[in-house]
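Notes follow once the structure below has been shown.
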2 protein chains.
Amino acid sequence: MALTDRRADILARLVDEYIDTAVPVSSRALVDRHRLGLSTATIRNELAALEQDGYVTHPHTSAGRVPSDRGYRLYVQTLMTEEAVPQTERRTVEHQFHQASGGLDEWLSLAATVLAGWVGNAAIVTRPRARITRLKHVQLVQLHEDTALVVAVMDDGRVQQRILSLHGLLTQRELSASAERLNARLSGRDAEVARAVGQELTSANDRLAALIVAELIESHHATEGPYLDGVQVVLEQPEFASPERMLEAVRHLVAYELDRVVSVAADVEPGGTKVMIGSENSDPWLQEWSIVISSYGGRGGLAGTVAVLGPMRMHYARTIPRVRYLSALIDNLMRELVS
Amino acid sequence: MALTDRRADILARLVDEYIDTAVPVSSRALVDRHRLGLSTATIRNELAALEQDGYVTHPHTSAGRVPSDRGYRLYVQTLMTEEAVPQTERRTVEHQFHQASGGLDEWLSLAATVLAGWVGNAAIVTRPRARITRLKHVQLVQLHEDTALVVAVMDDGRVQQRILSLHGLLTQRELSASAERLNARLSGRDAEVARAVGQELTSANDRLAALIVAELIESHHATEGPYLDGVQVVLEQPEFASPERMLEAVRHLVAYELDRVVSVAADVEPGGTKVMIGSENSDPWLQEWSIVISSYGGRGGLAGTVAVLGPMRMHYARTIPRVRYLSALIDNLMRELVS
DNA sequence: ATTAGCACTCTCGCGGTGAGAGTGCTAATG
DNA sequence: CATTAGCACTCTCACCGCGAGAGTGCTAAT
């Protein structure tokens, strides 16, 4: 059956309505709340057709219609009209970002919080992850007589540290000299090179420190999970009304699987957004979730993602532009940060 | 009515049983599963007496008994026998801690995870918070032509960083020299001194950097919330079976109120534990929760806490020694770290 | 002091039931 | 020929009543 304009229009209204109310949409609701110049009977015919084409479903005989994955997909692709992020909200957020002086980490955390608050779903923001990280600078700081802290600054402006047990007693002056030597040879290098260089160093302390630096560069990716906010608000959605559903959702959200979730952003070009709806997700537990995801950075090999995770019944028209906006905002801020 | 030995014994069994099964304990269950040489009728009399004294309650007429706050209190204080942490588990954990080379932050996160897994409740571990933090070392790392990263190492071995916009273009060599000067004047100083010193510096960049260092020292306390783990496991407890309860619990656990929660550890001496049961908590939302809390560090002014948060029906005999153990473990590790 | 026995109370799960919502179909309508 | 009024039919859901079961409290016997 062909998808006539009228039918598409009805589908659009239906999805809007369902997103809004979370209640299966009846023909009555459609004529009452959206001024279609048609009777419920006509709508019912059209709905039946939409159902045949797989855009909507029926929980049971005497219930209204609910969009299917396919229905949402069409809606997102062509039916909805995106809601621009209001100027006032942009201003507020940009102000907040400029207040936040803590650097990248604070921005990302803030982005997750803002996003979750805006869209009423869970927001995930990952740190930028370079395909290959390089060392920018290393410093050795004395802690104890025989221990020092290796502080490594990476080329993405983030910092890693680890404790080093020294061979013999050294002063801070000696440590600084050692750091100087290391910087000369390791600055701008990646983990592999750092390891190789480290192995040929003769001074025991220099060698140890270099190897630790190599490890720090390597483990840089893995450090700490992404920023997550909005768990408490997404759980208020009616789809999690039963304890089992809610518990399952919490489990997946707090377990550290989120990195996998956002990995679908691999092929999203910066400035673009990707939407994964229900069965379009490969993870089994995501079959009834949708993800709106965007990436920032990327050109220089530093890519991070901004995503919203929620039930399929999600306010896409509001969510998509906001994800895109925040992603672009971080992108700009980051550009100032990376040399 | 006097609390005879027998009555205390029965109370102890009852609490054990209830903690185990989460079901109101009947006189029948008590004689069947704990070899008391008494009939159910006798037990019933004793239970009635315990109820009169306020140690147990009755959900309704024909239900078994449930310990009251007061009952739990007596149980914790005098009735239970603590379960030592098995040697094997200690070994495993200590091994894990030695593997974890990422320093303090990684230890704390690990401690929360281990603890939550051990006791089946939420675990909270806060970072050590000095009454007064001092700078150990500062380093300036060039990012851009006109921006640098200020990296400050504090005396507790943690690192803070912030971006600095430079006045004029500087080389890394010049930045290092600047850092050298700053170290000479700021190392070992607290925020107030750093600010005062900063203000009298003549070089614009040095002054800016010093002021940022001062702010970093100050804001050091506030950075990031405590480590939390076990949310998903505590929610499996039957007390959270209803969606409302569960949602409320999630809200409080993910909201950043946990710092307030652990503030009750203020007067716990290191090596000791404190238990707060139900109404003993001042926060209204904690009226049906218990907290087992311990602190580490503290002598040198660096104090952090290790805590377990769960429903009142908590396995105290197992939880208390484990909280104490992990707290002591961190205490030891930290002592190696702080000069 | 302990215990057997028994009446009494309260919960909980179950099946039945009726109102309400919504559909699908048919026949009438413009 | 598309639209619509009308109506029978279906399914859910909240409510009610009820009986089984669990557990107590009390009394009288040991």
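We name chains A, B, ... by the order of the sequence lines, and we start the count at 1 in each one.
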### Query
With a 4.5 Å heavy-atom cut-off, do Trp118(B) and Val308(B) have their side chains touching?
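Side chain of Trp118(B) against side chain of Val308(B), heavy atoms only: no contact under 4.5 Å found.
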- Task: Report yes if some heavy atom in the side chain of Val268(A) is under 4.5 Å from a heavy atom in the side chain of Thr273(A); otherwise report no.
- Result: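 The answer is no; the side chains never approach within 4.5 Å.
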Taking Watson-Crick and G-U wobble contacts under 3.5 angstrom, with | marking pairs to another strand and [ ] crossing pairs, the secondary structure of DNA chain D is written ||||||||||||||||||||||||||||||
Length of the line joining [X]:[atom1] and [N]:[atom2], which is rounded to integer Å:
X: Arg7(B); N: dT2(C); atom1: CZ; atom2: P; answer: 10 Å
X: Gln52(B); N: dC26(D); atom1: CD; atom2: P; answer: 10 Å
X: Leu30(A); N: dT4(D); atom1: CG; atom2: P; answer: 14 Å
X: Ile43(A); N: dA5(D); atom1: CD1; atom2: C1'; answer: 15 Å

5'-most contact on DNA chain C: Thr40(B) or Pro59(B), nearest heavy atom basis?
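Final value for this comparison: Thr40(B).
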For Trp289(B) together with Tyr72(B), are the ring centres under 6.0 Å from each other?
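No: the rings miss the under 6.0 Å criterion.
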Check whether more than 12 heavy atoms from other residues, nucleotides or ligands sit under 6.0 Å from atom [atom1] of [X], and answer yes or no.
X: Glu288(A); atom1: CD; answer: no
X: Arg90(A); atom1: CZ; answer: yes
X: Arg70(B); atom1: CZ; answer: yes
X: Glu280(A); atom1: CD; answer: yes

For Thr126(A) and Leu258(A), run side-chain contact (heavy atoms from CB on, under 4.5 Å): C-alpha distance rounded to whole Å, both residues' side-chain angles, the deciding distance at 0.1 Å, then the answer. CA-CA 9 Å; Thr126(A) 67; Leu258(A) 296 180; over 6 Å; no
Please tabulate the protein-to-nucleotide N/O contacts below 3.5 Å involving nucleotides 20-24 of chain C, giving atom names and distances.
residue	atom	partner	partner atom	Å
dG22(C)	O4'	Ser62(A)	O	3.3
dT23(C)	OP1	Ser27(A)	N	3.4
dT23(C)	OP2	Ser27(A)	OG	2.8
dG24(C)	OP1	Arg65(A)	NH2	3.2
dG24(C)	OP2	Arg65(A)	NH2	3.4
dG24(C)	N7	Arg44(A)	NE	3.0
dG24(C)	O6	Arg44(A)	NH2	3.2

